[in-house]
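Proteins come first, then strands; the chains are lettered A, B, ... in the order of their sequence lines, and each starts at number 1.
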Amino acid sequence: MANIRPSVPKGTRDFSPVEMVKRNYIFDTIKAVFRKYGYQEIQTPSMENLETLMGKYGDEGDKLIFKILNSGDFLKDVNLGATGLDAKSVTPKISEKALRYDLTVPFARYVVMHHNEISFPFKRFQVQPVWRADRPQKGRYREFYQCDADVVGSESLLNEAEFILIYNEALTKLGLKDFTIKINNRKILSGIAEIIGKPELIVEMTVAIDKLDKIGLEGVTKELLERGFTPADIDKLKPVILLQGSNEEKLESLKEVLSSSATGLKGIEEIESIFYYLKKLVSADQLLTAVELDITLARGLNYYTGAIFEVKTNEVAMGSIGGGGRYDDLTGVFGSREKLTGVGISFGADRIYDVLEELQLFPENTAETTKVLITNFDPEAEVYALPLLQQLRTKGIAAELYPTAAKIKKQMSYADNKQIPFVILIGSDEMQSGQLTLKNMRSGEQEKLPIDQIIRKLVD
RNA sequence: GUGGUUUUAGCUCAGUUGGUUAGAGCGCCUGAUUGUGGUUCAGGAGGUCGUGGGUUCGAGCCCCAUAUUCCACCCCA
């Protein structure tokens with residue numbers, strides 16, 4: 001076989017030991033917060049049946065799903081002589097499985113499948129990789145981890161309020177200082193479309209106004225005209241999307257604008273309830289300043305029906321680091337008899353990693369793994385060291401014995417590179433006296449101590 | 001999917017209008033130091049110049065294709 005150049009697929013990465021320590025720090029921090037709010041962990045397979053995923057993310061999303069070629073003769077169901085073969089009709093014949101695209105749809109599938117074992121409301125969290133056949137760029141990978149928390153089977157807006165607390169708590173614990181938790185409600189967007197008299201164009205409308213901060217009012221106007229709105233419609237829309245002021249002020253203005261839309265008013269009421277809960281839950285207004293009602297926020301319209309969340313950091317230029325929302329009847333497409341409402345959030349762990357790296361917010365001690373290395377002088381010393389090695393480990397001290405009698409210089413360098421803080425040297429003197437040489441690699445000091453004293457010193 | 005960009009030693013990068021043997025810093029190895037890392041000094045190894053074609057007497061440099069990196073658009077964590 002010819003030599004192939006080692007590489008990983010586009011948009012995927014290896015993670016070194018140092019990177020894994022940092023990644024686990026992020027995962028552990030987020031998971032701890034999820035648990036604290038009563039969420040339980042599940043996992044689902046990396047691959048789902050293709051039909052489970054297709055059609056859930058819109059046409060764009062379908063294209064971004066990684067399909068898995070069937071095993072064996074994957075062409076056996078394809079009539080290669082037929083005319084008019086195209087990707088769309090052939091795909092289901094050659095592929096019946098696909099890599100998961102997000103954690104929400106697999107969760108919905110899980111809830112329907114395990115309906116009888118679950119007691120509702122069901123609060124679950126899930127931290128696993130997802131795959132998207134996107135073009136990679138800054139903060140965008142083809143394989144990345146999402147950290148999701150969802151509750152299914154509870155209409156209470158307390159859940160929404162708690163998700164805001166979870167975002168705030170997890171990101172604060174990770175060291176982020178300045179971030180914005182944007183909130184909107186699909187019903188408000190519906191109401192606005194109703195007022196204009198174009199409820200059927202809600203998706204077109206929201207896709208356009210979502211870009212306000214990126215392309216400005218002029219750009220949005222242009223897009224709206226292209227998407228079937230008249231200048232008169234835009235005149236009605238303009239004051240709404242340009243709403244300024246505090247969350248309360250925005251809500252008051254919206255109430256007037258949407259006074260003739262029952263749906264719109266329901267959306268406002270929901271937002272108000274969430275703020276009501278928040279104010280009862282936390283006294284400090286520090287959190288409330290991080291929460292911003294933004295009616296141009298329009299994410300995941302394919303299934304969100306109520307609240308919509310998005311989290312952005314203001315310290316680094318980066319796309320959103322989290323998002324979520326409420327979806328009524330997500331399980332319906334899987335044939336669930338009863339309508340189950342769900343609401344959830346997601347953290348983009350890989351983007352958070354990039355942000356923490358750029359802001360140098362990772363804790364210092366992340367490189368330290370092994371606490372003590374025992375040097376290996378010769379076979380005799382090796383045998384002498386073996387029981388000591390296990391003694392250290394029994395006491396919970398991460399210890400390793402250098403596996404060959406290499407030059408001491410080499411062994412010391414190994415400890416140094418691995419940032420092992422202590423080294424135990426055992427030569428003939430030490431074996432005779434039982435007084436082992438313990439070297440502190442940071443200070444360079446060394447002292448002679450029996451093993452039990454060394455253990456006492458290292459155990460804290 | 002559209003447009004642009006990147007790729008040279010393990011890593012970060014120089015490399016002139018196309019011209020002899022492709023360089024530096026860091027890292028690695030050896031020694032100064034046969035029981036001591038991190039500092040210092042001396043020496044050494046390491047390169048299909050992303051890959052495949054082409055132009056040329058001659059290509060790291062020019063042309064074409066392709067992969068990859070990063071960026072913008074679409075969309076999204």
Side-chain angles (χ1 to χ4, degrees), chain A residues 2-13 16 26 30 57-65 87 101-104 127-148 167 203 206-208 210-211 214-215 219 223 297-302 309-313 317-325 344-355 373 375-378 381 402 405-431 436-446 448:
Chain A
N3 277 349
I4 52 158
R5 185 172 214 83
S7 64
V8 295
K10 184 200 287 206
T12 67
R13 299 147 301 154
S16 68
I26 293 174
I30 293 172
Y57 312 102
D59 289 344
E60 283 292 320
D62 283 355
K63 283 184 215 157
L64 298 180
I65 294 170
Y101 178 89
D102 72 356
L103 301 179
T104 306
V127 175
Q128 288 191 276
V130 303
W131 293 269
R132 296 185 187 175
D134 231 355
R135 273 248 193 131
Q137 54 178 281
K138 186 179 177 67
R140 178 177 297 195
Y141 306 100
R142 288 183 145 187
E143 178 184 60
F144 62 98
Y145 276 71
Q146 288 192 329
C147 312
D148 274 35
Y167 268 137
V203 172
T206 51
V207 166
D210 187 46
K211 296 177 188 166
K214 209 175 199 173
I215 59 178
E223 284 231 9
L297 172 61
R299 292 280 150 160
L301 280 174
N302 285 308
F309 300 114
E310 181 176 83
V311 185
K312 300 190 85 162
T313 169
M318 175 67 72
S320 62
I321 54 175
I345 54 167
S346 180
F347 289 83
D350 301 78
R351 284 190 179 174
I352 291 171
Y353 183 102
D354 292 345
V355 169
L373 174 80
T375 56
N376 188 333
F377 273 70
D378 50 40
Y402 199 87
K407 287 185 179 158
I408 296 306
K409 184 186 171 76
K410 166 96 178 149
Q411 299 187 34
M412 297 299 283
S413 298
Y414 173 82
D416 191 44
N417 285 336
K418 213 166 159 181
Q419 299 192 45
I420 298 173
F422 293 96
V423 172
I424 295 172
L425 295 109
I426 303 174
S428 51
D429 291 355
E430 284 85 351
M431 281 189 276
L436 312 179
T437 301
L438 178 70
K439 172 155 181 159
N440 180 327
M441 293 296 279
R442 299 230 169 93
S443 63
E445 290 164 5
Q446 51 189 62
K448 295 223 167 185

Value in whole Å for how far the [atom2] atom of [N] lies from [atom1] of [X]:
{"X": "D62(A)", "N": "C74(B)", "atom1": "CG", "atom2": "P", "result": "20 Å"}
{"X": "N376(A)", "N": "G35(B)", "atom1": "CG", "atom2": "C1'", "result": "13 Å"}
{"X": "I420(A)", "N": "U36(B)", "atom1": "CD1", "atom2": "C1'", "result": "14 Å"}
{"X": "M412(A)", "N": "U39(B)", "atom1": "CE", "atom2": "P", "result": "14 Å"}
{"X": "L64(A)", "N": "C75(B)", "atom1": "CG", "atom2": "C1'", "result": "7 Å"}
{"X": "R142(A)", "N": "C70(B)", "atom1": "CZ", "atom2": "P", "result": "12 Å"}
{"X": "D59(A)", "N": "C74(B)", "atom1": "CG", "atom2": "P", "result": "17 Å"}
{"X": "R135(A)", "N": "G4(B)", "atom1": "CZ", "atom2": "P", "result": "11 Å"}

Q. Are F347(A) and Y167(A) an aromatic pair by the rule of ring centers under 6.0 Å?
A. yes

Checking N1-N3 plus N6-O4 or O6-N4 for Watson-Crick, or N1-O2 and O6-N3 for wobble, each under 3.5 Å, the partner of A65(B) is U51(B)

Paired to G43(B) by Watson-Crick or G-U wobble criteria (both distances under 3.5 Å) is C29(B)

Of all the nucleotides listed ([options]), which has the minimum atom distance to the side chain of [X]?
{"X": "R132(A)", "options": "C76(B), C70(B), U36(B)", "result": "C76(B)"}
{"X": "L425(A)", "options": "G35(B), A72(B), G37(B)", "result": "G35(B)"}
{"X": "D416(A)", "options": "G38(B), G35(B), C74(B)", "result": "G38(B)"}
{"X": "D134(A)", "options": "U36(B), G35(B), C75(B)", "result": "C75(B)"}
{"X": "V207(A)", "options": "A77(B), G37(B), C75(B)", "result": "C75(B)"}

Ignoring backbone atoms, establish whether [X] has a side-chain N or O less than 4.0 Å from OP1 or OP2 of [N].
{"X": "K10(A)", "N": "U68(B)", "value": "yes"}
{"X": "K407(A)", "N": "G31(B)", "value": "yes"}
{"X": "K214(A)", "N": "C73(B)", "value": "yes"}
{"X": "Q446(A)", "N": "U36(B)", "value": "no"}
{"X": "K410(A)", "N": "U30(B)", "value": "no"}
{"X": "K211(A)", "N": "C74(B)", "value": "yes"}

Grab the two heavy atoms, one from [X] and one from [Y], that are nearest each other, plus how far apart they are.
{"X": "A349(A)", "Y": "I26(A)", "value": "O-CD1, 4.1 Å"}
{"X": "L425(A)", "Y": "E430(A)", "value": "O-CG, 3.5 Å"}
{"X": "E143(A)", "Y": "R13(A)", "value": "O-NH2, 3.4 Å"}
{"X": "A298(A)", "Y": "D210(A)", "value": "N-OD1, 3.4 Å"}

What does [X] touch in the nucleic acid at a heavy-atom separation under 4.0 angstrom: a base, only the sugar-phosphate, or nothing?
{"X": "G61(A)", "answer": "nothing"}
{"X": "Q146(A)", "answer": "sugar-phosphate"}
{"X": "G427(A)", "answer": "base"}
{"X": "Y145(A)", "answer": "nothing"}
{"X": "E430(A)", "answer": "base"}
{"X": "S346(A)", "answer": "nothing"}
{"X": "F377(A)", "answer": "base"}

Taking atom [atom1] in both [N] and [M], compute the distance separating them and give it to the nearest angstrom.
{"N": "G38(B)", "M": "A72(B)", "atom1": "C1'", "answer": "45 Å"}
{"N": "C74(B)", "M": "U12(B)", "atom1": "C1'", "answer": "34 Å"}
{"N": "G10(B)", "M": "C29(B)", "atom1": "C1'", "answer": "13 Å"}
{"N": "U68(B)", "M": "U30(B)", "atom1": "P", "answer": "38 Å"}
{"N": "A24(B)", "M": "A42(B)", "atom1": "P", "answer": "15 Å"}
{"N": "G47(B)", "M": "U8(B)", "atom1": "P", "answer": "15 Å"}
{"N": "G54(B)", "M": "U16(B)", "atom1": "C1'", "answer": "25 Å"}
{"N": "U66(B)", "M": "G4(B)", "atom1": "P", "answer": "13 Å"}

Carboxylate-amine/guanidinium proximity below 4.0 Å for [X] and [Y]:
{"X": "E223(A)", "Y": "K211(A)", "answer": "yes"}
{"X": "R132(A)", "Y": "D102(A)", "answer": "no"}
{"X": "D134(A)", "Y": "R142(A)", "answer": "no"}

**Study point:** N/O donor-acceptor pair, side chain K409(A) with base U36(B), under 3.5 angstrom
**Key:** no

Closest to the 5' end of RNA chain B, once F144(A) and G11(A) are matched to their nearest nucleotides, is G11(A)

Comparing E60(A) with G139(A), nearest RNA chain B nucleotide closer to 5' gives the residue E60(A)

- Do other residues, nucleotides or ligands put more than 12 heavy atoms under 6.0 Å from the CG atom of N417(A)? yes

### Task
For K410(A) and Y414(A), test the side chains for any donor-to-acceptor distance below 3.5 angstrom and give the result as yes or no.
no

Modelled atom types, side-chain donor and acceptor of D62(A) and Y101(A), under 3.5 Å = no

Dump every N/O contact between nucleotides 41-49 of chain B and the protein below 3.5 Å, one line per pair.
unit_1 : atom_1 : unit_2 : atom_2 : d
U48(B) : O4     : R5(A)  : NH1    : 2.1

